[in-house]
Amino acid sequence: MVKRNQTQQDVQDEADELKNRLAETEETLRAIQEYMVDAFVVNRENGIQVVTLNESEIPYRMMVELMNEGAVTLIPDGTIFYCNGRFGEMIQADCEKLIGTSFQTLIVPEEQDLFVASFQDAASQGVRQEITLQNAKGERVPVQLSIYLLGPNKMSGIAVLATDISERRQAEEKIRSLAAELTRAEQDERHRISQVLHDDLQQRLFAVKAQLAFLKDVNLSADTYRELDQIQESLSESVAITRNLSIDLSPIVLQGEGLAEAMTWLAFRMKEQYGLQVDLIANDKLDHLDSHMRMLIFQSIRELLFNVVKHAGVPHAQVTLERVNGRPCITVSDNGKGFDVEAVIGNSQAAHGLLIIQDRLHLLGCHMQLVSKPGEGTNIRIELPAERKSN
Amino acid sequence: MCSILLVEDHKIMAETLVHILRTKGQFNVADVAESAEDALEWLSEQQADLQVDLALVDVVLPRTSGIELVSMIQQKYPGIPCLMISGRSAGQYVKRSLAAGARGYVLKDDFQDVVKGIRHVLEGGTYLSEQLNREE
């Protein structure tokens with residue numbers, strides 16, 4: 001504030017002093033921002049104090065060094081600027097030797113493109129990505145990466161947190177293995193029961209039928225003949241039930257034929273037994289499936305087709321075998337009543353069958369996607385995991 | 001009287017078939033074998049005395065299947081026609097049986113048809129159960 005009695009010189013002097021103080025303050029701030037000072041002196045009411053900037057970083061540095069996750073900072077071109085000890089342990093290399101190397105080179109070759117895409121995405125938002133690192137011994141280390149910018153743009157640096165998910169992957173693999181074992185045991189038991197039905201019960205029924213036929217050669221009353229005919233008819237029905245049960249438990253077509261052939265047979269059975277016309281479109285035969293996956297997929301598709309018979313209100317469905325983005329897929333679709341997916345899936349009783357199918361498929365690494373709306377039909381796609389060796 | 005070699009592993013079924021062949025078909029049952037191995041052993045034991053006009057073979061047998069047995073009989077004893085008998089009507093069984101050299105396929109639940117099929121094959125023809133023809 002300019003006092004009336006101040007001379008022009010006084011005003012000039014005051015302005016010069018303010019300019020000098022502003023320049024000094026700006027210089028101090030610049031020095032702090034560029035890490036050129038570790039501490040500064042302030043004059044407070046209770047005396048002169050030295051404030052150390054580094055002291056405020058110590059807890060955070062300790063946290064980064066001691067945490068169980070690997071922490072890496074990268075400069076914009078993906079070169080490692082810093083990494084903590086945990087990351088060095090993951091890669092089984094000295095942190096000092098990692099500094100200056102490209103992070104991408106630590107990733108298994110077939111996933112490097114995936115990392116590059118995630119790295120670029122991190123420019124706009126934080127990214128999470130599961131990826132496989134390769135340590136100094138050439139061993140694979142599956143990790144989950146969290147990639148995010150340290151400032152408003154890449155020039156501030158990019159932080160990468162790496163969480164070793166080896167144990168989780170092993171647990172998932174164990175679950176898949178157990179699920180496969182369970183499926184295998186179930187298939188074997190079904191096959192055994194199917195064999196008993198066919199090889200024993202059915203044979204006995206045939207023999208009883210034949211023996212009844214012999215009685216017809218004896219002179220019997222008309223009423224007795226009529227009863228014999230009824231008994232024979234009941235026996236024929238029993239044979240048919242036994243035969244169908246034996247086939248349904250362990251379809252012959254699954255023992256040696258591929259999935260496309262099995263679907264052809266299933267379409268024939270659905271038409272024969274339930275009047276459902278099933279159109280099969282086999283853009284890919286999906287011959288690579290092992291026998292147990294084939295059986296699980298067969299049972300799942302059969303259940304889904306049963307649902308069309310029970311709920312869709314139409315006599316027509318379509319089954320498509322194909323690859324989508326390289327992944328084997330089977331789709332069951334109809335133009336029937338449709339349903340509110342959220343409402344049905346949220347009701348465990350109503351969705352009981354669907355949920356069981358979904359869970360069993362998930363245990364073997366498959367993903368089931370339901371698309372439906374009331375009045376707009378239903379489309380259910382099953383995505384299978386990557387190629388598994390056929391046996 | 002024509003002689004039939006019956007190859008059937010289910011005891012009750014075999015007894016019933018023997019009764020049918022003798023009483024309904026007026027056939028002689030030369031032997032009942034419970035497996036493909038037993039059938040081949042019996043055939044080789046007969047040598048010059050072999051008098052079998054037809055082999056009635058169950059599709060499902062322990063170890064070696066009936067279809068494989070038919071193939072072996074056709075190779076070693078081409079003069080013996082084979083007729084498959086089964087409870088299974090699946091098309092793949094019929095096709096594979098005929099491809100192996102069987103002269104026909106009959107179903108167990110119609111014994112009149114079994115006798116009819118045997119007579120057809122003994123006369124030099126081939127025979128498929130009427131039910132199979134309907135399914136095709």
Side-chain angles (χ1 to χ4, degrees), chain A residues 191-192 194-218 228-229 231-258 260-269 271-273, chain B residues 6-26 29 32 34-35 56 58-63 65-68 85-97 99 106-118 129-132 134-136:
Chain A
H191 185 63
R192 188 189 70 80
S194 172
Q195 294 286 86
V196 169
L197 285 172
H198 173 269
D199 295 346
D200 193 17
L201 180 57
Q202 205 169 321
Q203 310 299 309
R204 290 173 188 268
L205 290 172
F206 287 146
V208 170
K209 259 187 85 174
Q211 285 159 10
L212 274 176
F214 301 152
L215 286 177
K216 283 189 170 179
D217 295 336
V218 178
L228 277 176
D229 283 340
I231 294 171
Q232 281 203 311
E233 202 177 310
S234 293
L235 275 172
S236 293
E237 287 168 11
S238 301
V239 166
I241 291 170
T242 310
R243 182 183 287 142
N244 283 333
L245 187 55
S246 174
I247 290 170
D248 285 342
L249 278 171
S250 184
I252 308 294
V253 71
L254 285 172
Q255 296 158 25
E257 306 282 2
E261 288 78 10
M263 290 293 109
T264 303
W265 180 87
L266 181 59
F268 171 77
R269 289 283 286 179
K271 175 73 177 173
E272 185 184 52
Q273 291 185 311
Chain B
L6 174 62
V7 190
E8 167 63 62
D9 63 316
H10 195 278
K11 194 162 180 267
I12 295 176
M13 194 69 230
E15 288 171 1
T16 307
L17 280 170
V18 166
H19 184 80
I20 290 168
L21 292 173
R22 285 176 179 160
T23 59
K24 299 292 178 189
Q26 305 296 316
V29 178
V32 180
E34 292 182 356
S35 68
L56 184 63
D58 187 12
V59 167
V60 179
L61 293 172
R63 298 178 297 281
S65 74
I67 295 172
E68 288 172 296
I85 183 168
S86 179
R88 297 181 189 218
S89 60
Q92 61 174 319
Y93 286 110
V94 179
K95 283 179 193 162
R96 284 163 56 193
S97 298
V106 290
L107 296 176
K108 285 180 180 176
D109 61 351
D110 186 343
F111 293 106
Q112 288 173 336
D113 205 49
V114 171
V115 172
K116 192 173 164 187
I118 292 174
S129 269
E130 288 181 16
Q131 188 180 335
L132 291 172
R134 281 198 295 274
E135 284 178 7
E136 282 178 9

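Just so it is clear: chains get the letters A, B, ... in the order the sequence lines come, proteins before strands, and each one is counted from 1.
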_For the student: nearest non-hydrogen atoms of B:V115 and B:G25, plus distance_ =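 Nearest pair, atom of B:V115 first, then B:G25: CG1-CA, 3.9 Å.
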
*Tell me, side chain or backbone of A:Q203 under 4.5 Å from chain B's heavy atoms, or both, or neither?*
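For A:Q203, heavy atoms of backbone and side chain both lie under 4.5 Å from chain B.
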
*Which region of A:Q195, side chain (C-beta onward) or backbone (N, CA, C, O), has a non-hydrogen atom less than 4.5 Å from a non-hydrogen atom of chain B, or is it both or neither?*
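A:Q195 touches chain B through side-chain heavy atoms alone.
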
*asked:* So which residue, B:E8, B:Q112, B:H19, ends up with the most heavy-atom pairs under 4.5 Å with chain A?
replied: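 With the most close heavy-atom pairs to chain A, the winner is B:H19.
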
*If you count heavy-atom pairs under 4.5 Å between each of A:A213, A:A207, A:S246, A:S236 and chain B, which one has the most?*
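Ranked by contacts with chain B, first place is A:A207.
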
*Are A:N244 and A:Q273 close enough that some pair of their side-chain heavy atoms sits under 4.5 Å apart?*
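Heavy-atom side-chain distance check passes, below 4.5 Å.
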
*Can you check whether B:V59 reaches B:R96 side chain to side chain, under 4.5 Å on heavy atoms?*
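Counting from C-beta outward, B:V59 and B:R96 never come under 4.5 Å.
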
_Residues in side-chain contact (heavy atoms from CB on, under 4.5 Å) contact with B:V60, at least two apart in sequence or another chain_ =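 In terms of side-chain contact (heavy atoms from CB on, under 4.5 Å), with neighbours along the sequence ignored, B:V60 is linked to A:H198, A:D199, B:R88.
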
_Looking at B:D110 and B:K116, is any side-chain nitrogen of the basic one under 4.0 Å from a carboxylate oxygen of the acidic one?_
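No.
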
*Below 4.5 Å from any heavy atom of chain A, which atoms of B:E15 appear? Answer side chain, backbone, both or neither.*
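No part of B:E15 comes within 4.5 Å of chain A.
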
